[in-house]
Protein chains: 2
Amino acid sequence: MQNVAEESAPQGGLRERKKRATRAALVEAAVRLAAEHGAENITVEAISETAGVSPRTFFNYFDSRDDVFVMIGAETSARLRRAVLEAPAELSPLQALRHALAAELAEVEQHHELWRLHAEVLRRSPRLLVRSLGVHAADELGLAETLAERMGADGPAAPSAGEESRRSALGLYPHLLAAVCVTAVRVAFEHWCVRQEERTFTDVFQETFDHLAAGLPAPSGTAGRP
Amino acid sequence: MQNVAEESAPQGGLRERKKRATRAALVEAAVRLAAEHGAENITVEAISETAGVSPRTFFNYFDSRDDVFVMIGAETSARLRRAVLEAPAELSPLQALRHALAAELAEVEQHHELWRLHAEVLRRSPRLLVRSLGVHAADELGLAETLAERMGADGPAAPSAGEESRRSALGLYPHLLAAVCVTAVRVAFEHWCVRQEERTFTDVFQETFDHLAAGLPAPSGTAGRP
DNA sequence: CGCAAATCTGCAGAGTCTGCAAAAAAGAGT
DNA sequence: ACTCTTTTTTGCAGACTCTGCAGATTTGCG
(Lines give C-alpha, C1' and ligand atoms only; values in the text may rest on other atoms or scores of the structure.)
Protein backbone atom coordinates (compact mmCIF):
# COMPACT_ATOMS: atom_id res chain seq x y z
CA MET A 1 0.00 0.00 0.00
CA GLN A 2 2.83 2.38 0.88
CA ASN A 3 5.29 3.84 -1.57
CA VAL A 4 8.54 1.93 -1.24
CA ALA A 5 11.03 3.87 -3.37
CA GLU A 6 9.05 5.73 -6.01
CA GLU A 7 9.84 9.30 -5.09
CA SER A 8 11.97 10.25 -8.07
CA ALA A 9 10.54 7.87 -10.68
CA PRO A 10 7.82 9.53 -12.74
CA GLN A 11 5.66 6.37 -12.87
CA GLY A 12 4.11 3.99 -10.37
CA GLY A 13 3.40 0.37 -11.15
CA LEU A 14 3.35 -1.11 -14.61
CA ARG A 15 -0.43 -1.01 -14.45
CA GLU A 16 -0.62 2.73 -14.01
CA ARG A 17 1.84 3.27 -16.81
CA LYS A 18 -0.40 1.29 -19.15
CA LYS A 19 -3.43 3.24 -18.06
CA ARG A 20 -1.70 6.53 -18.72
CA ALA A 21 -0.55 5.24 -22.09
CA THR A 22 -4.08 4.22 -23.05
CA ARG A 23 -5.49 7.54 -21.95
CA ALA A 24 -2.82 9.44 -23.85
CA ALA A 25 -3.43 7.27 -26.93
CA LEU A 26 -7.15 8.05 -26.81
CA VAL A 27 -6.53 11.78 -26.45
CA GLU A 28 -3.99 11.87 -29.24
CA ALA A 29 -6.16 9.79 -31.56
CA ALA A 30 -9.14 12.03 -30.86
CA VAL A 31 -7.24 15.27 -31.40
CA ARG A 32 -5.60 14.13 -34.62
CA LEU A 33 -8.79 12.73 -36.09
CA ALA A 34 -10.72 15.85 -35.10
CA ALA A 35 -8.07 18.17 -36.52
CA GLU A 36 -8.43 16.44 -39.87
CA HIS A 37 -12.13 15.66 -40.20
CA GLY A 38 -13.74 18.08 -37.74
CA ALA A 39 -14.61 17.23 -34.17
CA GLU A 40 -18.32 16.77 -34.86
CA ASN A 41 -17.71 14.03 -37.42
CA ILE A 42 -15.63 11.79 -35.17
CA THR A 43 -17.39 8.94 -33.40
CA VAL A 44 -16.28 7.14 -30.28
CA GLU A 45 -15.90 4.03 -32.40
CA ALA A 46 -13.37 5.75 -34.68
CA ILE A 47 -11.36 7.15 -31.77
CA SER A 48 -11.16 3.89 -29.88
CA GLU A 49 -10.33 1.91 -33.01
CA THR A 50 -7.45 4.28 -33.79
CA ALA A 51 -6.23 3.97 -30.23
CA GLY A 52 -6.53 0.18 -30.35
CA VAL A 53 -9.19 -0.38 -27.70
CA SER A 54 -12.87 -1.19 -27.69
CA PRO A 55 -15.54 1.53 -27.69
CA ARG A 56 -16.64 0.36 -24.27
CA THR A 57 -13.18 1.01 -22.88
CA PHE A 58 -13.34 4.60 -24.07
CA PHE A 59 -16.11 5.23 -21.59
CA ASN A 60 -14.02 3.72 -18.83
CA TYR A 61 -11.63 6.64 -19.30
CA PHE A 62 -13.95 9.54 -20.17
CA ASP A 63 -17.46 10.24 -18.94
CA SER A 64 -18.53 11.62 -22.30
CA ARG A 65 -17.25 11.76 -25.83
CA ASP A 66 -16.53 15.49 -25.57
CA ASP A 67 -14.38 15.06 -22.48
CA VAL A 68 -11.57 13.60 -24.53
CA PHE A 69 -11.21 16.99 -26.23
CA VAL A 70 -11.03 19.12 -23.10
CA MET A 71 -9.06 17.00 -20.63
CA ILE A 72 -5.59 17.74 -21.95
CA GLY A 73 -4.36 20.10 -19.25
CA ALA A 74 -5.22 17.70 -16.46
CA GLU A 75 -1.78 17.62 -14.92
CA THR A 76 -1.13 21.32 -15.36
CA SER A 77 -3.29 22.29 -12.43
CA ALA A 78 -1.35 20.25 -9.88
CA ARG A 79 2.02 21.52 -11.10
CA LEU A 80 0.79 25.08 -10.96
CA ARG A 81 -0.37 24.80 -7.39
CA ARG A 82 2.93 23.36 -6.29
CA ALA A 83 4.80 26.20 -8.02
CA VAL A 84 2.66 28.75 -6.20
CA LEU A 85 3.53 27.25 -2.84
CA GLU A 86 7.22 27.11 -3.70
CA ALA A 87 7.47 30.67 -5.00
CA PRO A 88 9.72 33.10 -3.07
CA ALA A 89 7.95 34.31 0.04
CA GLU A 90 8.60 37.98 -0.64
CA LEU A 91 6.40 38.00 -3.75
CA SER A 92 2.86 39.31 -3.53
CA PRO A 93 0.07 36.81 -4.29
CA LEU A 94 -0.35 38.20 -7.78
CA GLN A 95 3.39 38.14 -8.44
CA ALA A 96 3.70 34.58 -7.13
CA LEU A 97 0.93 33.38 -9.36
CA ARG A 98 2.35 35.21 -12.34
CA HIS A 99 5.70 33.58 -11.66
CA ALA A 100 4.19 30.10 -11.42
CA LEU A 101 2.21 30.57 -14.61
CA ALA A 102 5.26 31.65 -16.57
CA ALA A 103 7.09 28.50 -15.47
CA GLU A 104 4.17 26.28 -16.42
CA LEU A 105 3.84 27.84 -19.84
CA ALA A 106 7.42 26.92 -20.61
CA GLU A 107 6.46 23.34 -19.79
CA VAL A 108 3.60 23.43 -22.25
CA GLU A 109 5.88 24.60 -25.03
CA GLN A 110 7.37 21.09 -25.10
CA HIS A 111 4.25 19.45 -26.50
CA HIS A 112 3.36 22.37 -28.65
CA GLU A 113 2.45 20.35 -31.73
CA LEU A 114 -0.40 18.59 -29.95
CA TRP A 115 -1.44 21.83 -28.28
CA ARG A 116 -1.54 23.53 -31.62
CA LEU A 117 -3.78 20.85 -33.07
CA HIS A 118 -5.90 21.04 -29.95
CA ALA A 119 -6.34 24.79 -30.30
CA GLU A 120 -7.31 24.27 -33.92
CA VAL A 121 -9.97 21.75 -32.95
CA LEU A 122 -11.44 24.06 -30.34
CA ARG A 123 -11.41 27.02 -32.69
CA ARG A 124 -13.55 25.14 -35.21
CA SER A 125 -16.01 23.81 -32.68
CA PRO A 126 -17.70 26.49 -30.57
CA ARG A 127 -19.45 23.86 -28.52
CA LEU A 128 -16.20 22.26 -27.44
CA LEU A 129 -14.58 25.63 -26.85
CA VAL A 130 -17.35 26.53 -24.42
CA ARG A 131 -16.87 23.22 -22.66
CA SER A 132 -13.17 23.83 -22.40
CA LEU A 133 -13.71 27.29 -20.96
CA GLY A 134 -15.87 25.79 -18.27
CA VAL A 135 -13.34 23.16 -17.32
CA HIS A 136 -10.57 25.70 -16.97
CA ALA A 137 -12.78 27.98 -14.92
CA ALA A 138 -13.51 25.04 -12.64
CA ASP A 139 -9.79 24.71 -11.91
CA GLU A 140 -9.81 28.03 -10.15
CA LEU A 141 -11.29 26.69 -6.92
CA GLY A 142 -8.32 24.47 -6.26
CA LEU A 143 -6.00 27.30 -7.15
CA ALA A 144 -7.84 29.65 -4.82
CA GLU A 145 -7.37 27.15 -2.02
CA THR A 146 -3.64 27.04 -2.67
CA LEU A 147 -3.41 30.82 -2.71
CA ALA A 148 -5.25 31.02 0.56
CA GLU A 149 -2.86 28.49 2.03
CA ARG A 150 0.14 30.51 0.88
CA MET A 151 -1.30 33.72 2.25
CA GLY A 152 -2.46 32.25 5.53
CA ALA A 153 0.46 30.10 6.61
CA ASP A 154 3.82 29.89 4.90
CA GLY A 155 4.69 26.63 6.59
CA PRO A 156 3.05 23.28 5.85
CA ALA A 157 0.89 23.61 8.96
CA ALA A 158 -2.76 24.44 9.53
CA PRO A 159 -4.81 21.93 7.56
CA SER A 160 -8.10 23.42 8.67
CA ALA A 161 -10.99 21.12 9.42
CA GLY A 162 -14.06 20.84 7.27
CA GLU A 163 -12.72 19.83 3.89
CA GLU A 164 -16.17 19.61 2.34
CA SER A 165 -17.78 22.69 0.81
CA ARG A 166 -14.46 24.39 0.26
CA ARG A 167 -16.06 27.57 -1.04
CA SER A 168 -17.37 28.60 2.33
CA ALA A 169 -13.97 28.56 4.00
CA LEU A 170 -12.40 30.76 1.34
CA GLY A 171 -12.16 34.50 1.43
CA LEU A 172 -13.29 36.58 -1.48
CA TYR A 173 -9.80 37.71 -2.41
CA PRO A 174 -8.11 34.35 -3.09
CA HIS A 175 -11.05 33.18 -5.14
CA LEU A 176 -11.13 36.39 -7.12
CA LEU A 177 -7.38 36.39 -7.71
CA ALA A 178 -7.35 32.79 -8.91
CA ALA A 179 -10.35 33.25 -11.17
CA VAL A 180 -9.12 36.49 -12.69
CA CYS A 181 -5.66 35.10 -13.38
CA VAL A 182 -7.00 31.93 -14.97
CA THR A 183 -9.19 34.12 -17.13
CA ALA A 184 -6.29 36.38 -18.01
CA VAL A 185 -4.19 33.43 -19.16
CA ARG A 186 -7.02 32.21 -21.32
CA VAL A 187 -7.49 35.62 -22.93
CA ALA A 188 -3.77 35.92 -23.55
CA PHE A 189 -3.78 32.47 -25.12
CA GLU A 190 -6.73 33.22 -27.38
CA HIS A 191 -5.24 36.53 -28.41
CA TRP A 192 -1.95 34.90 -29.25
CA CYS A 193 -3.62 32.12 -31.23
CA VAL A 194 -4.81 34.69 -33.74
CA ARG A 195 -1.47 36.48 -33.99
CA GLN A 196 1.06 33.74 -33.57
CA GLU A 197 3.32 35.26 -36.19
CA GLU A 198 3.45 38.77 -34.77
CA ARG A 199 4.26 38.28 -31.10
CA THR A 200 5.58 35.61 -28.76
CA PHE A 201 3.19 34.21 -26.24
CA THR A 202 5.39 35.32 -23.37
CA ASP A 203 5.11 38.86 -24.66
CA VAL A 204 1.31 38.81 -24.73
CA PHE A 205 1.30 37.13 -21.35
CA GLN A 206 3.40 39.86 -19.76
CA GLU A 207 1.32 42.66 -21.24
CA THR A 208 -1.85 41.03 -19.97
CA PHE A 209 -0.58 40.84 -16.42
CA ASP A 210 0.71 44.38 -16.59
CA HIS A 211 -2.85 45.49 -17.33
CA LEU A 212 -4.11 43.52 -14.36
CA ALA A 213 -1.51 44.81 -11.93
CA ALA A 214 -2.27 48.38 -12.96
CA GLY A 215 -5.99 48.05 -12.20
CA LEU A 216 -7.17 47.87 -15.82
CA PRO A 217 -6.93 51.57 -16.68
CA ALA A 218 -7.86 52.65 -20.20
CA PRO A 219 -4.86 52.35 -22.52
CA SER A 220 -3.24 55.63 -23.43
CA GLY A 221 -4.41 56.24 -27.00
CA THR A 222 -8.19 55.81 -26.78
CA ALA A 223 -11.10 58.11 -27.51
CA GLY A 224 -13.12 57.85 -24.29
CA ARG A 225 -10.66 58.91 -21.59
CA PRO A 226 -11.32 59.27 -17.86
CA MET B 1 -36.71 44.31 -41.26
CA GLN B 2 -37.14 47.88 -40.00
CA ASN B 3 -38.86 48.76 -36.78
CA VAL B 4 -42.06 50.70 -37.56
CA ALA B 5 -43.40 51.78 -34.19
CA GLU B 6 -42.20 49.20 -31.68
CA GLU B 7 -39.85 51.26 -29.64
CA SER B 8 -41.70 51.14 -26.32
CA ALA B 9 -43.54 47.81 -26.74
CA PRO B 10 -41.51 44.96 -25.29
CA GLN B 11 -42.67 42.41 -27.91
CA GLY B 12 -42.76 42.08 -31.69
CA GLY B 13 -45.40 40.06 -33.53
CA LEU B 14 -47.73 37.55 -31.96
CA ARG B 15 -45.53 34.81 -33.34
CA GLU B 16 -42.42 35.92 -31.49
CA ARG B 17 -44.38 36.27 -28.28
CA LYS B 18 -45.49 32.65 -28.56
CA LYS B 19 -41.96 31.49 -29.23
CA ARG B 20 -40.66 33.31 -26.20
CA ALA B 21 -43.47 31.84 -24.14
CA THR B 22 -42.68 28.32 -25.28
CA ARG B 23 -38.99 28.78 -24.59
CA ALA B 24 -39.69 30.21 -21.16
CA ALA B 25 -42.09 27.35 -20.42
CA LEU B 26 -39.45 24.80 -21.32
CA VAL B 27 -36.83 26.51 -19.17
CA GLU B 28 -39.15 26.83 -16.20
CA ALA B 29 -40.36 23.24 -16.49
CA ALA B 30 -36.79 22.00 -16.70
CA VAL B 31 -35.56 24.03 -13.74
CA ARG B 32 -38.47 23.10 -11.49
CA LEU B 33 -38.31 19.42 -12.35
CA ALA B 34 -34.53 19.39 -11.89
CA ALA B 35 -34.72 21.23 -8.58
CA GLU B 36 -37.03 18.52 -7.26
CA HIS B 37 -35.71 15.29 -8.75
CA GLY B 38 -32.13 16.16 -9.69
CA ALA B 39 -31.03 17.33 -13.09
CA GLU B 40 -29.60 13.96 -14.15
CA ASN B 41 -32.94 12.18 -13.69
CA ILE B 42 -34.97 14.47 -15.91
CA THR B 43 -35.56 13.34 -19.51
CA VAL B 44 -36.39 15.53 -22.46
CA GLU B 45 -39.71 13.75 -22.64
CA ALA B 46 -40.61 14.82 -19.10
CA ILE B 47 -39.61 18.44 -19.69
CA SER B 48 -41.51 18.82 -22.93
CA GLU B 49 -44.58 17.09 -21.55
CA THR B 50 -44.64 19.46 -18.57
CA ALA B 51 -44.25 22.41 -20.94
CA GLY B 52 -47.02 21.07 -23.19
CA VAL B 53 -45.04 20.45 -26.37
CA SER B 54 -43.63 17.41 -28.15
CA PRO B 55 -40.13 16.12 -27.45
CA ARG B 56 -39.17 16.97 -31.00
CA THR B 57 -40.07 20.60 -30.42
CA PHE B 58 -37.69 20.74 -27.48
CA PHE B 59 -34.82 20.24 -29.88
CA ASN B 60 -36.11 23.06 -32.05
CA TYR B 61 -35.35 25.39 -29.14
CA PHE B 62 -32.23 23.85 -27.61
CA ASP B 63 -29.35 22.08 -29.29
CA SER B 64 -28.92 19.68 -26.41
CA ARG B 65 -30.78 18.65 -23.30
CA ASP B 66 -28.23 20.36 -21.06
CA ASP B 67 -28.63 23.67 -22.81
CA VAL B 68 -32.00 24.23 -21.21
CA PHE B 69 -30.26 24.46 -17.84
CA VAL B 70 -27.66 27.02 -18.82
CA MET B 71 -29.47 29.35 -21.22
CA ILE B 72 -31.32 31.43 -18.65
CA GLY B 73 -29.31 34.62 -18.91
CA ALA B 74 -29.76 34.80 -22.67
CA GLU B 75 -31.29 38.26 -22.70
CA THR B 76 -28.98 39.64 -20.06
CA SER B 77 -26.09 39.89 -22.47
CA ALA B 78 -27.92 42.14 -24.93
CA ARG B 79 -29.19 44.47 -22.20
CA LEU B 80 -25.73 44.71 -20.71
CA ARG B 81 -24.15 45.70 -23.98
CA ARG B 82 -26.72 48.40 -24.57
CA ALA B 83 -26.12 49.76 -21.07
CA VAL B 84 -22.40 49.94 -21.72
CA LEU B 85 -22.96 52.01 -24.85
CA GLU B 86 -25.38 54.35 -23.09
CA ALA B 87 -23.19 54.92 -20.05
CA PRO B 88 -21.95 58.49 -19.45
CA ALA B 89 -19.03 59.25 -21.74
CA GLU B 90 -16.81 60.54 -18.97
CA LEU B 91 -16.56 57.12 -17.30
CA SER B 92 -13.54 54.94 -17.91
CA PRO B 93 -14.16 51.57 -19.60
CA LEU B 94 -13.97 49.74 -16.29
CA GLN B 95 -16.28 52.23 -14.61
CA ALA B 96 -18.78 52.08 -17.46
CA LEU B 97 -18.91 48.32 -17.31
CA ARG B 98 -19.24 48.35 -13.54
CA HIS B 99 -22.13 50.79 -13.88
CA ALA B 100 -23.89 48.66 -16.48
CA LEU B 101 -23.47 45.51 -14.42
CA ALA B 102 -24.95 47.11 -11.33
CA ALA B 103 -28.03 48.11 -13.30
CA GLU B 104 -28.44 44.65 -14.76
CA LEU B 105 -28.15 42.95 -11.40
CA ALA B 106 -31.11 44.96 -10.15
CA GLU B 107 -33.06 43.56 -13.09
CA VAL B 108 -32.20 40.00 -12.14
CA GLU B 109 -33.52 40.53 -8.63
CA GLN B 110 -37.04 40.52 -10.09
CA HIS B 111 -37.03 36.84 -11.01
CA HIS B 112 -35.03 35.78 -8.02
CA GLU B 113 -37.13 32.72 -7.22
CA LEU B 114 -36.27 31.04 -10.53
CA TRP B 115 -32.66 32.15 -10.23
CA ARG B 116 -32.47 30.64 -6.78
CA LEU B 117 -33.79 27.31 -8.05
CA HIS B 118 -31.40 27.52 -10.95
CA ALA B 119 -28.43 28.07 -8.66
CA GLU B 120 -29.56 25.07 -6.62
CA VAL B 121 -29.68 22.88 -9.73
CA LEU B 122 -26.21 23.93 -10.80
CA ARG B 123 -24.81 23.42 -7.33
CA ARG B 124 -25.94 19.80 -7.30
CA SER B 125 -24.67 19.01 -10.79
CA PRO B 126 -20.98 19.73 -11.34
CA ARG B 127 -21.30 18.82 -14.98
CA LEU B 128 -23.91 21.47 -15.59
CA LEU B 129 -22.04 24.01 -13.51
CA VAL B 130 -18.99 23.59 -15.71
CA ARG B 131 -21.14 24.00 -18.75
CA SER B 132 -22.67 27.14 -17.35
CA LEU B 133 -19.26 28.61 -16.60
CA GLY B 134 -18.28 28.05 -20.20
CA VAL B 135 -21.37 29.73 -21.58
CA HIS B 136 -20.87 32.80 -19.44
CA ALA B 137 -17.25 33.00 -20.44
CA ALA B 138 -18.33 32.82 -24.08
CA ASP B 139 -20.45 35.93 -23.60
CA GLU B 140 -17.35 37.94 -23.13
CA LEU B 141 -16.53 38.14 -26.83
CA GLY B 142 -19.68 40.09 -27.61
CA LEU B 143 -19.07 42.28 -24.61
CA ALA B 144 -15.50 42.90 -25.70
CA GLU B 145 -16.80 44.03 -29.09
CA THR B 146 -19.12 46.50 -27.44
CA LEU B 147 -16.35 47.85 -25.24
CA ALA B 148 -14.13 48.31 -28.26
CA GLU B 149 -16.93 50.16 -30.00
CA ARG B 150 -17.40 52.45 -27.02
CA MET B 151 -13.69 53.14 -26.77
CA GLY B 152 -13.18 53.61 -30.48
CA ALA B 153 -16.14 55.73 -31.54
CA ASP B 154 -18.66 57.32 -29.21
CA GLY B 155 -21.16 57.98 -31.95
CA PRO B 156 -23.34 55.35 -33.65
CA ALA B 157 -21.15 55.49 -36.74
CA ALA B 158 -18.46 53.21 -38.13
CA PRO B 159 -19.97 49.72 -38.54
CA SER B 160 -16.66 48.30 -39.69
CA ALA B 161 -16.62 45.73 -42.46
CA GLY B 162 -15.59 42.13 -41.97
CA GLU B 163 -18.02 40.89 -39.35
CA GLU B 164 -16.70 37.35 -39.45
CA SER B 165 -13.83 36.24 -37.24
CA ARG B 166 -14.41 38.96 -34.73
CA ARG B 167 -11.53 37.96 -32.53
CA SER B 168 -8.89 39.10 -34.92
CA ALA B 169 -10.21 42.65 -35.10
CA LEU B 170 -10.19 43.09 -31.33
CA GLY B 171 -7.38 44.51 -29.28
CA LEU B 172 -6.10 42.70 -26.23
CA TYR B 173 -7.42 45.26 -23.78
CA PRO B 174 -11.17 45.13 -24.54
CA HIS B 175 -11.12 41.36 -24.56
CA LEU B 176 -9.24 41.23 -21.29
CA LEU B 177 -11.48 43.80 -19.63
CA ALA B 178 -14.66 42.01 -20.66
CA ALA B 179 -13.39 38.59 -19.64
CA VAL B 180 -12.07 39.74 -16.30
CA CYS B 181 -15.26 41.57 -15.42
CA VAL B 182 -17.50 38.66 -16.36
CA THR B 183 -15.30 36.48 -14.21
CA ALA B 184 -15.42 38.94 -11.35
CA VAL B 185 -19.21 39.00 -11.40
CA ARG B 186 -19.31 35.23 -11.32
CA VAL B 187 -16.93 35.07 -8.36
CA ALA B 188 -18.94 37.71 -6.51
CA PHE B 189 -22.12 35.75 -7.18
CA GLU B 190 -20.65 32.46 -6.00
CA HIS B 191 -19.22 34.09 -2.90
CA TRP B 192 -22.55 35.67 -2.08
CA CYS B 193 -24.45 32.42 -2.61
CA VAL B 194 -22.61 30.93 0.36
CA ARG B 195 -23.12 33.96 2.61
CA GLN B 196 -26.50 35.27 1.60
CA GLU B 197 -27.40 36.07 5.18
CA GLU B 198 -24.29 38.05 6.06
CA ARG B 199 -23.94 40.53 3.22
CA THR B 200 -25.96 41.98 0.36
CA PHE B 201 -24.93 41.07 -3.13
CA THR B 202 -24.35 44.70 -4.00
CA ASP B 203 -21.88 44.89 -1.16
CA VAL B 204 -19.86 41.91 -2.37
CA PHE B 205 -20.06 43.21 -5.90
CA GLN B 206 -18.60 46.58 -4.96
CA GLU B 207 -15.77 45.05 -2.94
CA THR B 208 -14.89 42.79 -5.83
CA PHE B 209 -14.59 45.64 -8.28
CA ASP B 210 -12.60 47.69 -5.77
CA HIS B 211 -10.06 44.88 -5.74
CA LEU B 212 -9.94 44.92 -9.53
CA ALA B 213 -9.57 48.65 -9.84
CA ALA B 214 -6.73 48.64 -7.31
CA GLY B 215 -4.72 46.08 -9.27
CA LEU B 216 -5.38 43.11 -6.98
CA PRO B 217 -2.93 44.00 -4.20
CA ALA B 218 -2.72 41.69 -1.22
CA PRO B 219 -5.32 42.65 1.40
CA SER B 220 -3.91 44.35 4.47
CA GLY B 221 -3.99 41.58 7.09
CA THR B 222 -2.66 38.57 5.20
CA ALA B 223 -0.56 36.67 7.73
CA GLY B 224 -2.69 35.86 10.75
CA ARG B 225 -6.31 35.51 9.69
CA PRO B 226 -8.79 33.21 11.45
C1' DC C 1 2.29 -21.94 -11.20
C1' DG C 2 -1.89 -20.25 -9.09
C1' DC C 3 -4.76 -16.87 -6.79
C1' DA C 4 -6.79 -12.15 -6.34
C1' DA C 5 -7.59 -7.72 -8.15
C1' DA C 6 -7.94 -4.71 -11.82
C1' DT C 7 -8.97 -4.04 -16.55
C1' DC C 8 -11.01 -4.91 -21.07
C1' DT C 9 -14.70 -6.39 -23.82
C1' DG C 10 -19.32 -7.53 -25.83
C1' DC C 11 -24.14 -7.00 -25.39
C1' DA C 12 -28.64 -5.28 -24.19
C1' DG C 13 -31.19 -1.25 -23.49
C1' DA C 14 -32.42 3.55 -22.32
C1' DG C 15 -31.75 8.16 -23.74
C1' DT C 16 -30.03 11.91 -26.89
C1' DC C 17 -30.20 14.17 -31.20
C1' DT C 18 -30.96 14.79 -36.48
C1' DG C 19 -33.23 14.79 -41.12
C1' DC C 20 -37.40 14.51 -43.46
C1' DA C 21 -42.09 15.28 -44.71
C1' DA C 22 -46.76 16.02 -43.38
C1' DA C 23 -50.02 18.50 -40.25
C1' DA C 24 -51.24 22.74 -37.81
C1' DA C 25 -50.98 27.65 -36.98
C1' DA C 26 -50.02 32.59 -38.05
C1' DG C 27 -49.70 36.41 -41.01
C1' DA C 28 -50.83 38.84 -45.37
C1' DG C 29 -53.47 39.76 -49.42
C1' DT C 30 -57.85 39.81 -52.02
C1' DA D 1 -64.45 35.18 -45.04
C1' DC D 2 -61.36 32.76 -48.07
C1' DT D 3 -56.94 31.46 -49.95
C1' DC D 4 -51.97 31.48 -50.19
C1' DT D 5 -47.43 31.68 -48.13
C1' DT D 6 -44.44 31.21 -44.36
C1' DT D 7 -43.42 29.50 -39.96
C1' DT D 8 -43.85 26.25 -36.40
C1' DT D 9 -45.02 21.81 -34.60
C1' DT D 10 -45.13 16.99 -34.77
C1' DG D 11 -44.24 11.97 -35.65
C1' DC D 12 -41.08 8.67 -37.25
C1' DA D 13 -36.92 6.33 -38.64
C1' DG D 14 -32.29 5.91 -37.58
C1' DA D 15 -27.56 6.96 -35.92
C1' DC D 16 -24.97 7.92 -31.89
C1' DT D 17 -24.00 8.36 -26.86
C1' DC D 18 -23.71 6.30 -22.53
C1' DT D 19 -24.62 2.73 -18.65
C1' DG D 20 -25.05 -1.75 -16.17
C1' DC D 21 -23.80 -6.33 -16.21
C1' DA D 22 -21.20 -10.58 -16.75
C1' DG D 23 -17.53 -13.02 -18.66
C1' DA D 24 -12.77 -13.03 -20.65
C1' DT D 25 -8.14 -11.19 -20.24
C1' DT D 26 -4.29 -9.18 -18.02
C1' DT D 27 -1.45 -7.73 -14.08
C1' DG D 28 0.56 -8.13 -9.45
C1' DC D 29 2.15 -11.12 -6.05
C1' DG D 30 3.33 -15.17 -3.33
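Heavy-atom basis, side chains included; hydrogens, waters and symmetry copies ignored. Everything quoted here is computed from the prediction, not taken from an experiment.
Between B:His118 and B:Trp115, the angle of the ring planes goes over 60°, which puts this pair in the perpendicular group of the 30/60° scheme.
Salt bridge B:Arg123/B:Glu120: present, at least one basic N to carboxylate O contact under 4.0 Å. A salt bridge links B:Arg32 with B:Glu113: the distance from a Lys NZ or Arg NE/NH1/NH2 to an Asp or Glu carboxylate oxygen falls below 4.0 Å. Taking the charged nitrogens against the carboxylate oxygens, B:Arg127 and A:Asp63 have no contact shorter than 4.0 Å, which rules out a salt bridge. Ion pair B:Arg186/B:Glu190 flagged as a salt bridge, since at least one NZ, NE, NH1 or NH2 atom sits closer than 4.0 Å to an Asp/Glu carboxylate oxygen.
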For nucleotides 11-17 of chain C, give me every protein contact, N/O to N/O, under 3.5 Å, one pair per line with atom names.
from   : atom 1 : to      : atom 2 : distance (Å)
C:dC17 : OP2    : B:Arg65 : N      : 2.4

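Following rounding to the nearest Å, B:Arg15 (CZ) and D:dT6 (P) show an atom-to-atom distance of 11 Å. Protein atom CZ of B:Phe62 is 17 Å distant from nucleotide atom C1' of C:dT18, rounded to whole Å. In this structure, A:Phe69 atom CZ and D:dT17 atom C1' are separated by 13 Å, rounded to whole Å. Atom CG in A:Asn60 sits roughly 15 Å away from atom C1' in D:dG23 (whole-Å rounding). The CZ atom of A:Arg17 sits 15 Å away from the C1' atom of D:dT26 (whole-angstrom rounding). One atom, CD of A:Glu16, and another, P of C:dA5, lie 18 Å apart when rounded to the nearest Å. Summarising the geometry, the separation between NZ on A:Lys19 and P on D:dG28 is reported as 13 Å, rounded to the nearest angstrom.
Put simply, A:Tyr61 has a side-chain N or O that comes within less than 4.0 Å of OP1 or OP2 on C:dC8. Of the side-chain N and O atoms in B:Lys18, none sit less than 4.0 angstrom from OP1 or OP2 of C:dA25.
Because its NZ or CZ atom is not both nearer than 6.0 Å to the ring centre of A:Phe205 and within 45° of the ring axis, A:Arg199 does not count as a cation-pi partner of that residue.
Taking every side-chain heavy atom of A:Ser54 into account, C:dG10 is the closest of D:dT27, C:dT7, C:dG10.
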